[in-house]
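For reference, the structure discussed in these notes is given below.
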Amino acid sequence: MADSKIYTASTTAPVNIAVIKYWGKRDTKLNLPTNSSLSVTLSQSDLRTHTSAACSSIFTENRLYLNREPQDVSGARQQACFRELRVLRAALEAADPTLPKLSTYNVHIVSENNFPTAAGLASSAAGFAALVRALADLYCLQNTPTELSRIARQGSGSACRSLFGGYVAWEQGHAADGSDSLAVQVAPASHWPGMRAAILVVSAAKKDVSSTSGMQATVATSGLFRHRAEVVVPARMEAMKAAIQKRNFEAFAELTMADSNQFHAVCLDTLPPIFYLNDVSRAAIRVVEEINRVAGKSIAAYTFDAGPNCVIYYEQENEAAILGVLKPYTSGVSGWGDRRETVHARIPEGFNAALCEPLKEGVSRVILTGVGEGPVKTEESLIGADGLPLAL
Ligand SMILES: Nc1ncnc2c1ncn2[C@@H]1O[C@H](COP(=O)(O)OP(=O)(O)OP(=O)(O)O)[C@@H](O)[C@H]1O
Ligand SMILES: C[C@@](O)(CCOP(=O)(O)OP(=O)(O)O)CC(=O)O
């Protein structure tokens, strides 16, 4: 009798925010980068993608629903992930003929992001990491996260880093087929668990220049970019790994801020120039610089991806100092939770508080989170017995 069973697997996956930025591709089809990068995986208690994957002989086509909306799956990125994972499954089936032939079935993917999609909050990273992890679990693949990172990278470059928790490097590799362009864990979250991140959401709108097209324009037109990729980033990768190994926050912070600034400088050096930062972003930079000046050392580090939202890394022991400055200007927006009561406004002596004024109008939400774990398997499925998204 034909097997009409619906096989399912579900996972959650995290966002990651790079401290050494990926910007530039040497191969746009395989998402092979022009430089290595390094990120911190953020806690799934706050930001996460939940994805269920199903396959069955009765499915007539591949489908993907994102936040309940059907998506086009004909794109090269989704197709590459489906194809590569099927190849791995087919190899298992060839080795053990008793296994159901899942590699021949169509798949349905149902995914939900608990934060805005395509707004510079790394939704593509969490989204493709979750898609790859859920399909790998559905297919009972035994491949390591590093092996799966080769596939997630083809969905979205930064997604390869979201297959791990903690502190993660994406080593650029040199092979033309991308076989050595992989993510590896530099240190687990438990190595430096006090790392916190405060995200100031400046805009949750879809950005004007996508990362993909922005980085292609940069590669084609920026001279500064070449120096960054060839000289600056290789040295910073080593320095950042050492800072993480030693839990040296000052070194971590200085490298993080310098690298964010250089990434945005390279955007400005692109023709036509790309502007991801706005006045509120620049105000956030000044506030963090002022916090550090008054503290006499770097206790906070800002970083910005391809959008105006500010991510501030700091250590738990300095939480009162960082959030105490931000609270008077942002406590009206959502995201403070129980910290609204426990954190007290604290503007240190000599602090130029006028610098904070633009945050009042400009920040629409805060997300207070920290370093976290990699993808987690869950029994909670988003797919019903009919193979379609469960009704809410
Ligand atoms: N949960 C998901 N499952 C599958 N694909 C997703 C998911 N979430 C996002 N994506 C894909 O990622 C795209 C958004 O990626 P994009 O790079 O534009 O924004 P971002 O990741 O939020 O921002 P950035 O990468 O600059 O931080 C979506 O259009 C969709 O194709
Ligand atoms: C600025 C960045 O966030 C760029 C992320 O770019 P994507 O991974 O979204 O790009 P594609 O590979 O084209 O999907 C820096 C980073 O995360 O390292």
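It should be emphasised that the depicted structure is a prediction, and the values quoted were computed from it without experimental measurement. Just so you know, ligand 1 is whichever comes first in the structure, and atom 1 is the first atom listed for that ligand. All residue numbers refer to positions in the sequence shown, counting from 1.
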Atom indices of ligand 1 within 4.0 angstrom of Leu121 heavy atoms, with elements: 22 (O), 27 (O)

Ser210 to ligand 1, any heavy atom closer than 4.0 Å: no

Per-atom contacts, ligand 2 versus Gly157 - under 4.0 Å to a heavy atom: 8 (O), 11 (P), 12 (O), 14 (O)

4.0 Å heavy-atom contact, Ala122 with ligand 1: yes

Subset of ligand 2 atoms that lie under 4.0 Å from at least one heavy atom of Phe263: 1 (C)

Trp23 N/O under 3.5 Å from ligand 2 N/O: no

Closest approach of any protein heavy atom to atom 8 (O) of ligand 2, naming residue and atom: Ser158 OG, 2.6 Å

Atoms of ligand 2, numbered as shown, that sit under 4.0 Å from any heavy atom of Asn31: 12 (O)

Ligand-side contact atoms (ligand 1) for residue partner Thr49, heavy atom cut-off under 4.0 Å: 1 (N)

Of the listed options Arg161, His264, Lys21, closest to atom 17 (O) of ligand 2 (non-hydrogen atoms): Arg161

Residue that, paired with Trp23, satisfies side-chain hydrogen bond (donor to acceptor under 3.5 Å, both in side chains) out of Thr270, Thr218, Asp305: Thr218

Those atoms of ligand 2 less than 4.0 Å from some heavy atom in Met215: 6 (O), 10 (O)

Least distance between heavy atoms, Tyr139 atom then Leu85 atom: CD1-O, 3.6 Å

Charged N-O contact under 4.0 Å between Arg286 and Glu289: no

Structural part of Ser211 in contact with ligand 1, heavy atom criterion under 4.0 angstrom: side chain

Contact (N/O only, under 3.5 Å) between Asn16 and ligand 2: no

Which segment of Ser156 sits under 4.0 Å of ligand 2 when only heavy atoms are counted: both

Geometric N/O contact Lys25 with ligand 2, under 3.5 angstrom: yes

Positive for side chain to side chain contact (heavy atoms under 4.5 Å, CB included) with Asn16, one of Leu38, Thr41, Leu47: Thr41

Close-contact set for ligand 1 against Ser111 heavy atoms, below 4.0 Å: 1 (N), 2 (C), 3 (N)

